[in-house]
2 protein chains.
Amino acid sequence: MMELTRKGEYAIRGIVYLAGQPTDCICLLNDIATAVDVPATFLAKIFQQFSKIGLVKSFRGTGGGFVLARSPDKITLLEVVEAVEGRIVPNRCVAGRDECERSVTCHIHPVWQRVQNQVRDVLSAVTLKDLVSE
Amino acid sequence: MMELTRKGEYAIRGIVYLAGQPTDCICLLNDIATAVDVPATFLAKIFQQFSKIGLVKSFRGTGGGFVLARSPDKITLLEVVEAVEGRIVPNRCVAGRDECERSVTCHIHPVWQRVQNQVRDVLSAVTLKDLVSE
DNA sequence: CCCTAAAAAGACATTATTTATCCTTTTAGG
DNA sequence: CCTAAAAGGATAAATAATGTCTTTTTAGGG
């Protein structure tokens, strides 16, 4: 339970690398993939997701590549993780609909809610800036 | 990420049901499975794990079955979940050994550590008694 | 001592998810 | 047009989750 998938790990590695590059640098996917040691085709999918939700900006064609859409201190670890893993949900019953059909007064529901809140709070308190600076 | 597996869900359902039974009641696996709507063979594996780590006591043969090994207020949700899902570990790098081979000064490590602590704290604050009473 | 009830254990089958690759399409620059 | 690069789609391979079946061990009761 609770384990970050490889995809999530790759996502963090990739975007933290990007955050560590000079602002004006348009990075090629292949270069990022090589630098962070992730299969390029897999990282491509991840960056497509980043691009869709506006974490990074992408440019096609010659001279294209990726840059961060916002400054590193404005992007949280939570955004990065949820971009590729989906919303953090410890149990189906905090998912909104379809909630706790097994019992009208579900005592576990609020527990998962607390877990979810705690985790999201921790991750949203960390920015790419925190992760890239040394 | 962070999703409880079906196994974990079944485990909770099963042991909460057991906690809700009279103390002197030795429950049959098949009865529990029927009551909580879980495949009996699958629940058997789960209860074997409970038995091994001493969450429940099992009795074989005629008149056998399962009872809680401790009173419901002495068994935490954390114990139940970790019994079947293994230790809660958000990322390989909090697992102990094999830690963060990618960087000497891993900035993410302490974040996962915080996540792990928060989650375990929430789950260890809840007992079976909390889950069974209404 | 034998028969039956029940959990324990092991092997296996099925399904779903994760991880990874490949090919085609779109976009843009020169 | 030609080339470089990301986007998108389809699919394969590997791994993990879920579920089933059979045999073994343990214990009670005639």
Side-chain angles (χ1 to χ4, degrees), chain A residues 1-15 18 25-69 81 83-86 89-92, chain B residues 1-15 18 25-34 36-69 81 83-87 89-92:
Chain A
M1 188 203 181
M2 294 266 326
E3 190 132 6
L4 193 69
T5 64
R6 192 115 8 135
K7 188 176 180 186
E9 208 180 308
Y10 291 170
I12 295 169
R13 278 199 226 159
I15 203 165
L18 197 59
C25 172
I26 299 186
C27 295
L28 296 186
L29 181 80
N30 279 298
D31 294 347
I32 304 172
T34 304
V36 301
D37 191 26
V38 170
T41 50
F42 198 6
L43 194 65
K45 304 298 182 188
I46 292 168
F47 270 69
Q48 279 168 30
Q49 291 184 269
F50 284 162
S51 181
K52 253 181 233 163
I53 65 170
L55 283 187
V56 306
K57 277 186 284 198
S58 72
F59 302 96
R60 292 171 156 200
T62 311
F66 295 92
V67 294
L68 277 194
V81 170
V84 297
E85 306 259 27
V89 170
N91 187 266
R92 285 103 186 161
Chain B
M1 185 202 184
M2 295 266 327
E3 190 131 8
L4 192 70
T5 65
R6 191 114 10 135
K7 189 175 178 186
E9 208 180 307
Y10 291 170
I12 295 169
R13 277 199 227 160
I15 203 166
L18 196 58
C25 171
I26 297 185
C27 295
L28 296 188
L29 181 79
N30 279 298
D31 293 347
I32 304 172
T34 302
V36 300
D37 190 27
V38 169
T41 50
F42 198 5
L43 194 65
K45 304 297 182 187
I46 292 169
F47 269 69
Q48 278 169 31
Q49 292 186 268
F50 285 162
S51 180
K52 252 182 234 162
I53 65 171
L55 284 187
V56 306
K57 275 186 284 197
S58 72
F59 302 95
R60 293 172 154 199
T62 310
F66 295 93
V67 293
L68 278 194
V81 170
V84 296
E85 305 260 26
R87 186 161 237 263
V89 170
N91 187 268
R92 285 104 188 160

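Chain A is the first sequence line, chain B the second, and so forth, proteins listed ahead of strands; every chain is numbered from 1.
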Quick one: [X] [atom1] to [N] [atom2], roughly how many Å, whole number?
X	N	atom1	atom2	answer
B:Asp31	C:dA7	CG	C1'	14 Å
A:Leu29	D:dA7	CG	P	8 Å
B:Leu43	C:dA8	CG	C1'	14 Å

Check: A:Thr5 main-chain N/O paired with A:Glu85 side-chain donor or acceptor under 3.5 Å = yes
request  = Indicate yes or no for a side-chain donor-acceptor contact from A:Thr34 to the backbone of A:Asn30 under 3.5 Å, with no hydrogens or angles considered.
outcome  =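 Yes; judged by distance alone, with no hydrogens or angles, the pair exists.
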Shortest non-hydrogen contact from [X] to [Y]?
X	Y	value
A:Glu9	A:Leu4	N-CD2, 3.7 Å
B:Ile53	B:Ala83	CD1-CB, 3.3 Å
B:Gly14	B:Ile32	O-CG2, 4.0 Å
B:Ala44	B:Leu29	CB-CD2, 3.4 Å
B:Gly54	B:Ala69	O-CB, 3.2 Å
B:Leu18	B:Val56	CD2-CG1, 3.9 Å

request  = List the protein contact pattern of nucleotides 25-30 of chain C with one symbol per nucleotide (5' to 3'): B for base contact, S for sugar-phosphate-only contact, - for none; contact means a heavy-atom distance under 4.0 Å.
outcome  = -BBBS-
ask   = Can you give one letter per nucleotide of nucleotides 13-21 of chain D, 5' to 3': B if a protein heavy atom sits under 4.0 Å from the base, S if only from the sugar-phosphate, - if neither?
value = -----SSBB
Nucleic acid contacts of residues 46-59 of chain B, taken as heavy-atom distances under 4.0 Å to DNA chain C =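 Per residue number, the list reads B:Gln48, B:Ser51, B:Lys52, B:Ser58, B:Phe59.
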inquiry  = Against A:Lys7, only a single residue in A:Val38, A:Ile12, A:Ile46 fulfils side-chain contact (heavy atoms from CB on, under 4.5 Å); can you say which?
reply    = A:Ile46
query = Rounded to the nearest 0.5 Å, what separation is found between the CZ atom of B:Phe66 and the CG atom of B:Leu55?
reply =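 Taking CZ in B:Phe66 and CG in B:Leu55, the distance rounds to 12.0 Å.
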ask   = Mind checking who C:dG30 pairs with, Watson-Crick or G-U wobble, both distances under 3.5 Å?
value =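 Here C:dG30 is engaged in a pair, and the nucleotide opposite it is D:dC1.
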